[in-house]
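Right, one structure below, let's go through it.
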Amino acid sequence: MSFTILGTGKAVPEYVMTNDELSTLVETNDEWIRTRTGIAERRICKNETITELTVKAANAALENAGIAAEQLDLIICSTMRGENITPSQACIIQKEIGASCPAFDVNAACSGFIYALDVADGYFVRKKVKHVLIVSMDNLSNIIDWKDRSTCVLFGDGGAAAVLGEGDDLLSINLTAVGNDEVLRIPHGTNSSPFYEHEEQRAVLHMAGNEVYKFAVHAMSTGIKKAVADAGLELSDVDCVIPHQANIRIINTAAKNLDIDKEKFFCNVQHYGNTSSGSVPLALDEASRSGVLKKGDIIAMCAFGAGLTTGSCVIRWNKDGKTES
Ligand code: ACO
């Protein structure tokens, strides 16, 4: 017994920031961003808080699943930075949606959704739960350096949630981590202790883009290959790939390495940029609601991010086609 995905729901901020607007902030241009990343626009929080977004995604997923908040046995939120250091964002979601189950956060950066799926799987296997809510959301606009053109053009805000129920649709799942804070990290920033002797670092994203790029292509190619093999399937059995939406060139190179038709990779990076842990479920929700996913489809999902972490899995889709627009 593992789980099945009963429903999904997304939440993104209203404000759309185009590449042209970004080029008024840093020395860049639409052509560079599109050709190097595939990103045309991203959503940026202005008046929305991460709590509002996580709660909106949670409620949308519950509605899509036909499950009431009172039926939840566990809430996991994957995020790098919720509203507070403590309580966890999952506890805030629990309060706001009216649930009464245990709740906690996981932080695996962009791989967070798949890490959360694996944690949830353990609860289903131990028969501790019947319904689990996963909410994956990041607010990266709050922790990127808006003066650094090599990173600020890549990211956006938003995410999505999924409600899991008992079932047998998780066919394989793999997580990896290789501790490395040199190529990608976001420091905490301030330290309020007057006794602390180390220099403070700005709480903004530092990334060696080229190094992460190489890691990402390798992670996506090997991650999908292993997850499909572990599921006892061939790459040709995969109907749809939901990849982490970081850069269209990473996705295209992985598709080529795997010899999987590019058309099978669901992509929305052009609209949202990299939303970190929100990225994979946001793509899953849009693929589901747009009718791309059909009942019985074999879906491979893969993500990579700070840590350095990776997560990949294969699931069978068990919902009817297009649910709503
Ligand atoms: N606009 C115009 N020029 C730019 C910009 C910009 N926004 N950014 C960089 N450049 C310039 C550079 O200065 C450089 O100029 P130079 O040749 O004169 O030195 C040139 O463009 C090429 O820069 P590169 O860094 O070599 O560009 P590259 O093709 O490698 O693309 C990118 C950079 C998009 C960051 C790519 O390396 C990438 O996608 N890396 C992976 C990032 C990622 O996937 N992160 C995911 C994890 S995030 C997380 O976990 C939170």
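Side chains are part of it too, since the values below use all heavy atoms of this structure and drop only hydrogens, waters and symmetry mates. Both ligands and their constituent atoms are indexed starting at 1 by order of listing.
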Return a table of donor-acceptor pairs under 3.5 angstrom between the side chains of residues 203-210 and protein atoms on other chains or two or more places apart.
residue: His206; atom: NE2; partner: Val204; partner atom: O; Å: 3.3

Contact residues of ligand 1 with a heavy-atom cut-off of under 4.0 Å?
Glu27, Thr28, Trp32, Arg36, Thr37, Cys110, Arg149, Ser150, Val153, Leu154, Phe155, Leu184, Leu205, Met207, Gly209, Asn210, Val212, Tyr213, Ala246, Asn247, Arg249, Ile250, Asn274, Phe304, Gly305, Ala306
Return each pair, listed once, that meets salt bridge (charged side-chain N to carboxylate O under 4.0 Å, His left out) where at least one residue sits in residues 34-59; pairs must be two or more places apart or across chains.
Asp30-Arg34
Quick check for you: to the nearest 0.5 Å, what is the distance between Ile50 atom CD1 and Asn142 atom CG?
9.0 Å
Is the cationic atom of Arg126 (NZ for Lys, CZ for Arg) positioned less than 6.0 Å from the six-membered ring centroid of Phe124 and within 45 degrees of its normal?
no
Looking at Lys130, I'd like to know if its NZ atom is crowded, meaning that more than 12 non-hydrogen atoms belonging to other residues, nucleotides or ligands lie closer than 6.0 Å.
no
For residues 257-308, which residue pairs qualify under ring pair (Phe, Tyr, Trp, His ring centres under 6.0 Å), counting only residues two or more places apart or in two chains?
His244-Phe304
